[in-house]
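Data first, discussion second: the structure below is written as structure tokens.
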There are 2 protein chains.
Amino acid sequence: MAVLESPSERHEIERRSLPADIRESLQERILSGEFRDGEALVQDVLAEEYGVSRMPVREVLRQLEACGLVSMQTHKGAVVTSIPTEQVEELFELRALLEADMLVRAIRRMTDSDIAEARDILGELEQSYRRGDMASWGRLNWAFHRRLYLPAGRPQTLAVLHGINLRVERYIRLHLLVTDGLDTAEREHREILRLCALRDAEAAVAFLKLHILDAGRTLVMALRQARAADH
Amino acid sequence: MAVLESPSERHEIERRSLPADIRESLQERILSGEFRDGEALVQDVLAEEYGVSRMPVREVLRQLEACGLVSMQTHKGAVVTSIPTEQVEELFELRALLEADMLVRAIRRMTDSDIAEARDILGELEQSYRRGDMASWGRLNWAFHRRLYLPAGRPQTLAVLHGINLRVERYIRLHLLVTDGLDTAEREHREILRLCALRDAEAAVAFLKLHILDAGRTLVMALRQARAADH
DNA sequence: TGTATTTTATATGTATCCAATACAATAATT
DNA sequence: AATTATTGTATTGGATACATATAAAATACA
């Protein structure tokens with residue numbers, strides 16, 4: 001589970017910081033579900049796994065805390081944050097509100113090359129989905145949405161959306177995978193892109209909202225079932 | 001500039017962690033304008049000032065980085081984040097969008113005691129404004145808006161708004177203070193509360209949007225002037 | 001046997017120390 | 001004189017060691 005493969009490779013690739021590498025890895029381990037809701041993240045254990053001291057691990061935990069992925073309490077340690085079902089629902093509604101606004105602004109200024117690039121990403125996204133490579137899927141799903149909104153020229157809103165995406169991605173991966181939710185999402189992505197290409201803002205936004213809220217509803221239902229089962 | 005006055009006072013008040021105290025202090029020093037845009041935050045200097053080692057300071061800097069108040073680069077250190085004027089404008093428009101949505105939801109479920117509490121906060125807010133106590137003003141201004149939206153039952157959206165508020169508060173304090181912007185804001189707060197008390201959601205939301213966007217416009221103008229002066 | 005208290009272990013919080021990097025100032029070479 | 005090396009210094013990054021708090025386990029007592 002070491003971040004760096006070997007000392008010999010170190011000076012070739014490394015231009016990043018230890019916490020940055022560890023963060024990426026730990027974040028992915030949380031999003032992938034390796035660590036469950038409420039599970040404790042012990043500094044010593046993680047430090048050992050990554051072959052570093054507790055210090056960089058602590059910084060990463062602080063960062064993940066700020067992202068809302070882990071909660072920390074003094075002298076008690078860090079645990080994976082659990083988001084109540086109603087708040088997951090809220091986050092999807094929030095996405096719908098913000099992304100609709102973003103897409104309106106984006107479509108106005110969208111060039112053909114914007115659409116071409118989004119289409120490229122969508123291609124990769126579909127591949128990773130078929131491969132079942134959920135780590136790539138998560139990254140590319142965000143990349144696709146992000147690419148659509150980029151022409152809007154709204155970096156702050158984009159950052160907020162990125163944060164929201166990060167918080168719900170774990171639940172999407174865990175629960176939407178077992179339903180047909182992702183299949184539907186794949187088809188909807190194509191349709192959104194088509195409407196953007198036509199520069200039909202109204203239809204695109206309406207469809208986008210449905211896309212997000214539908215995924216939200218499916219996920220919330222799956223979550224409620226799973227959590228009721230755990231009682 | 002020590003956080004803890006003396007060892008004898010320590011055990012009376014302290015039930016919090018060192019990073020938490022330092023964070024609060026450092027955040028306030030950034031918001032107050034003691035540290036300017038782009039100014040370097042040197043770990044050793046801060047550690048000395050607070051009478052602690054660099055370790056808790058580093059954690060605080062990481063947290064503030066996650067909030068968007070400082071930017072860090074490996075081996076280069078931390079500097080106070082500077083937000084471009086257009087992005088300040090964007091943040092106000094984002095607030096308008098989100099807070100309008102929140103107020104609609106909140107008014108539906110708002111009780112008389114909700115309004116009474118908001119009115120209490122508004123009283124304190126006006127006092128701190130007259131005293132020129134900007135640290136309290138910042139805290140209470142957020143407390144007022146937060147209290148209005150609390151009945152909506154939307155903690156995630158509230159958290160997003162809190163983050164946005166944190167990022168723009170510094171500019172509000174620095175520039176809205178010298179214009180008549182805050183005077184106007186004071187009067188508008190009363191009007192919003194009045195419309196809430198009447199449960200007139202439509203009028204309240206319309207007015208709230210104007211309130212936010214007006215403050216934004218005034219601030220952006222002041223910012224452009226100040227930044228043009230610095231050439 | 002159940003509860004309360006003391007003890008002990010484990011994990012976190014903080015300080016200090018050492019290493020790596022970046023920046024600046026100076027020297028050397030063209 | 002200008003430009004490139006080089007060296008020196010300041011600052012950050014990371015590891016180790018120590019202090020402190022929490023939680024669990026064991027023991028004492030009712």
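The sequence lines fix the lettering, A, B, ..., with proteins before strands; numbering per chain opens at 1.
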Do NZ/NE/NH1/NH2 and the carboxylate oxygens of A:Arg29 and A:Glu49 come within less than 4.0 Å?
yes
What is the separation between atom CG on A:Leu18 and atom C1' on D:dA15, rounded to the nearest whole Å?
11 Å
Could you pull out the protein-nucleic contacts involving nucleotides 7-12 of chain D (nitrogen or oxygen on both sides, under 3.5 Å)?
from: D:dT12; atom 1: OP1; to: B:Gln43; atom 2: N; distance (Å): 3.4
from: D:dT12; atom 1: O3'; to: B:His75; atom 2: N; distance (Å): 3.4

Between A:Glu59 and A:Arg62, does at least one N-O distance fall below 4.0 Å, as a salt bridge requires?
no
List in chain and number order the residues that pass salt bridge (charged side-chain N to carboxylate O under 4.0 Å, His left out) with B:Arg109, two or more places apart in sequence or in another chain; answer none if no residue qualifies.
none
Pair A:Glu124 + A:Arg139: basic N to acidic O under 4.0 Å
no
Could you tell me whether the side chain of B:Thr85 and the main chain of B:Val220 form a donor-acceptor pair under 3.5 Å?
no
Rounded to the Å, how far apart are A:Glu59 CD and C:dT14 C1'?
14 Å
What is the distance, rounded to the nearest whole Å, between atom CE of B:Met72 and atom C1' of C:dT21?
15 Å
Dot-bracket, 5' to 3', for DNA chain D please: Watson-Crick or G-U pairs under 3.5 Å, [ ] where pairs cross earlier ones, | where the partner sits on another strand, dots elsewhere.
||||||||||||||||||||||||||||||
Is A:Leu125 close to A:Tyr129 at the side-chain level, that is, under 4.5 Å between some pair of heavy atoms?
no
Rounded distance in Å - CZ (B:Arg62) to C1' (D:dG14)
12 Å
Are any of the side-chain nitrogens in B:Glu28 or B:Arg173 under 4.0 Å away from the carboxylate oxygens of its partner?
yes
May I ask you to check whether B:His145 and B:His189 place their ring centers less than 6.0 Å from one another?
yes
How long is the line joining CD of B:Glu65 and C1' of D:dG13, in whole Å?
14 Å
For atom CD of A:Glu48 and atom P of D:dA15, their distance in whole Å:
12 Å
Salt bridge between A:Arg224 and A:Glu89, side-chain N to carboxylate O under 4.0 Å?
yes
How many Å lie between OH on A:Tyr50 and C1' on D:dA15, as a whole number?
19 Å
Gap between atoms CE and C1', on A:Met55 and C:dA19 respectively (whole Å):
15 Å
